[in-house]
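Take a look at the structure below.
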Number of protein chains: 2
Amino acid sequence: MAPDDDLFQPVKPVRAYQRVAQQIEERILSGDLPPGSRLPAERELVVRFDVGRSTVREALRVLQTAGLIRSRPGDPLGAEVLGVSPDSLSQALSRLTRSRIASLGELVQFRMVLDAESNRLAARLHTADDLARMRDQIDRMERLGASSTGNLHAFSEADALFHRAVAEASGNSLLGLCARAVHEAVVGVIEEKIAGAADASAWMERSITHHRQVLDAISSGDAPRAARLGREALYEYYADHVEPETRRLLAAAVEDPSD
Amino acid sequence: MAPDDDLFQPVKPVRAYQRVAQQIEERILSGDLPPGSRLPAERELVVRFDVGRSTVREALRVLQTAGLIRSRPGDPLGAEVLGVSPDSLSQALSRLTRSRIASLGELVQFRMVLDAESNRLAARLHTADDLARMRDQIDRMERLGASSTGNLHAFSEADALFHRAVAEASGNSLLGLCARAVHEAVVGVIEEKIAGAADASAWMERSITHHRQVLDAISSGDAPRAARLGREALYEYYADHVEPETRRLLAAAVEDPSD
DNA sequence: GGAAATCAACTGGTCTGACCAGTCGACTGG
DNA sequence: CCAGTCGACTGGTCAGACCAGTTGATTTCC
């Protein structure tokens, strides 16, 4: 191996706040500071790291932006460790979309891929427990839908939990995490545009039917059908809301002849 | 619609630095501050926003962490606007992995899904230009491989450009961006463990062959085959390096009967 | 004795003012 | 015309102060 010019590399200055943030992040990611535990107070960190308070605060700001910690004025226990969350993921995705680097259509198509693959893998690798969790959420959705109080919040929470159960069954948490992040990014982009557009109870009805079909496909191990159902549902739901010029992307993604 | 209790929602305090950061981010994402343009100096922002310098600095720190701006001491022009970059995406993914929320196996499996879907869509939607770009990179890889100088850096750059070309052809930039982010996260996790392990020139040889096959499948519109090739290559390359207990995940992902 | 009001000791959020090392452009001396 | 100097910036850091809010112990009042 010829050590041509890789021997010396440009040295980049490391700011004090970076060293502080990195040390704390290391402790959190390694598990030394589990979620729920508390960081020392800012003024305490100042003496421990031997830096100024502004430096500590910039470090904490970075960690907070990354969703690793949360701080609240007046809390005598110090900042709370949250652990790793997909928040920063969805934030990054939402930025990509809002800056029009990625269109809404791409976002939805991306989620179609993610959901379809989650469903496919879940159909293959699920356990009885996984199926029970999914069934529970569908039952809950049904109760909420029947009561007609229009409690959409609880309904979409059950929906989220269903998807989480599928992601767990798939064995790949990344798929579920990313799907959730994409979903949040989509919501952040179109927001109210959909919110009250359609008749809520009719929509809930359809949603429940769809979830039942997915559960059926997964529990019977029909991977291709589970995947296709995931894609179709998203297409049906979002196709009318994406930019016309990207709709063909969705169409290409939904009509997958391989399954 | 029953406005039960959604009428009033808990009000959450908005910090001064958040308002500052949000205003600047808005200008960047909207295009008012295109990449390459400059922000006013910190002390200038202080008077414009009418806040303290620490507040301005925390706001800039947040934006810098998100990869939206870059600042350098002494620069009389102020912080440089970078525009939206996928850096924060890969950073978020890398954190998920390092915290062992996502295992290496999941990461690789995730990339299998991403690459396979990129290839699949590229096989359907490619243009002649796309194909030319891919061919260019393969040619470049071949020249680099033949010269046997072992310039791995340039080789992997050509590899990255090939994948970017595929992502562009697929019409979904998100797929490529995420794949790249995952790739960086994987590299960050196993790093040298692979670097000099195998014979470099033999590996380049195989890599070139694989890329030729993918290009062939894409240009002939054979979507299922393109997808399968993408999965298999990753499996072949990484299977030995993931944790044994997650290898079955990879196996489940690679042997997709649907294509 | 027990519930309610009070208070002191914190917390994080913000501001001010200062100093440093580095960068850059203009000025200056050859 | 070029090299060196110098001063006016920059961002990075620190110290110290004040504020509003939370908290828990203390005191007050029924």
Side-chain angles (χ1 to χ4, degrees), chain A residues 9-25 27-28 33 35-83 87, chain B residues 9-25 27-28 33 35-83 87:
Chain A
Q9 287 165 12
V11 53
K12 62 181 71 174
V14 181
R15 311 291 170 211
Y17 82 90
Q18 287 177 322
R19 289 193 296 264
V20 172
Q22 216 232 327
Q23 272 199 49
I24 300 178
E25 177 175 347
R27 288 283 177 282
I28 296 179
L33 287 170
S37 62
R38 299 306 184 111
L39 254 45
E42 291 183 2
R43 289 163 178 86
E44 171 69 21
L45 293 173
V46 166
V47 307
R48 291 221 210 165
F49 285 109
D50 193 28
V51 294
R53 188 161 166 228
S54 37
T55 300
V56 165
R57 284 184 58 76
E58 289 187 24
L60 293 182
R61 205 79 305 150
V62 169
L63 297 175
Q64 183 179 324
T65 306
L68 289 172
I69 65 172
R70 172 177 53 185
S71 61
R72 187 173 50 106
D75 190 338
L77 294 168
E80 181 184 3
V81 175
L82 292 178
D87 284 3
Chain B
Q9 287 166 13
V11 53
K12 63 180 70 174
V14 181
R15 310 293 171 211
Y17 82 92
Q18 287 177 324
R19 288 194 297 263
V20 172
Q22 216 231 329
Q23 273 199 49
I24 300 178
E25 177 174 345
R27 289 283 178 280
I28 296 179
L33 288 170
S37 62
R38 300 306 185 111
L39 253 48
E42 291 182 0
R43 290 165 177 86
E44 171 69 22
L45 292 172
V46 166
V47 307
R48 291 220 209 164
F49 286 108
D50 194 28
V51 295
R53 186 158 167 233
S54 37
T55 301
V56 166
R57 285 185 57 75
E58 288 186 26
L60 293 183
R61 206 71 317 142
V62 168
L63 297 176
Q64 184 178 326
T65 306
L68 289 173
I69 65 173
R70 172 176 53 185
S71 62
R72 184 174 53 105
D75 190 338
L77 295 167
E80 181 184 3
V81 175
L82 293 179
D87 284 4

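All values reported here derive from a predicted model rather than from experimental measurement. Sequence lines set the chain letters: A, B, ... in the order given, protein chains first and strands last, and positions in each chain run from 1.
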Legend entry - From CD (B/Glu25) to CG (B/Leu33), nearest 0.5 Å: 12.0 Å
Inset, instruction - Find the distance between CG (A/Leu45) and CD1 (A/Ile24) and round it off to the nearest 0.5 Å. - result: 5.5 Å
Legend entry - Distance, nearest 0.5 Å, that separates CG of B/Asp75 from CZ of B/Arg38: 4.5 Å
Legend entry - DNA chain D: 5'-proximal contact among A/Asp50 and B/Glu42 (nearest heavy atom): B/Glu42
Inset, instruction - Could I get the full list of side-chain contact (heavy atoms from CB on, under 4.5 Å) partners for B/Arg43, not counting sequence neighbours? - result: B/Arg53
Inset, instruction - Determine which bases of DNA chain D form Watson-Crick or G-U wobble pairs with both distances under 3.5 Å, and write the result as a 5' to 3' dot-bracket string with | for other-strand partners. - result: ||||||||||||||||||||||||||||||
Inset, instruction - Identify the 5'-most and 3'-most nucleotides of DNA chain D with at least one atom closer than 4.0 Å to a non-hydrogen atom of chain B. - result: D/dT10 to D/dT13
Table please: side-chain donor-acceptor pairs of residues 63-71 of chain B below 3.5 Å, with sequence neighbours left out.
{"residue": "B/Gln64", "atom": "OE1", "partner": "B/Arg61", "partner atom": "NH2", "Å": "3.0"}
{"residue": "B/Gln64", "atom": "OE1", "partner": "B/Ser71", "partner atom": "OG", "Å": "3.2"}
{"residue": "B/Thr65", "atom": "OG1", "partner": "B/Arg61", "partner atom": "O", "Å": "2.8"}
{"residue": "B/Arg70", "atom": "NH2", "partner": "B/Glu80", "partner atom": "OE1", "Å": "2.8"}

Inset, instruction - Using heavy atoms and a sub-4.0 Å distance, could you list which residues of residues 12-25 of chain A are near DNA chain C? By number, please. - result: none
Inset, instruction - For B/Arg72, report the nucleic acid contact type (base, sugar-phosphate, nothing); a contact means any heavy atom under 4.0 Å. - result: sugar-phosphate
Legend entry - Between CG on residue A/Leu60 and CD on residue A/Glu58, distance to nearest 0.5 Å: 10.5 Å
Legend entry - Nucleic acid contacts of residues 51-69 of chain A, taken as heavy-atom distances under 4.0 Å to DNA chain C: A/Arg53, A/Arg57, A/Arg61
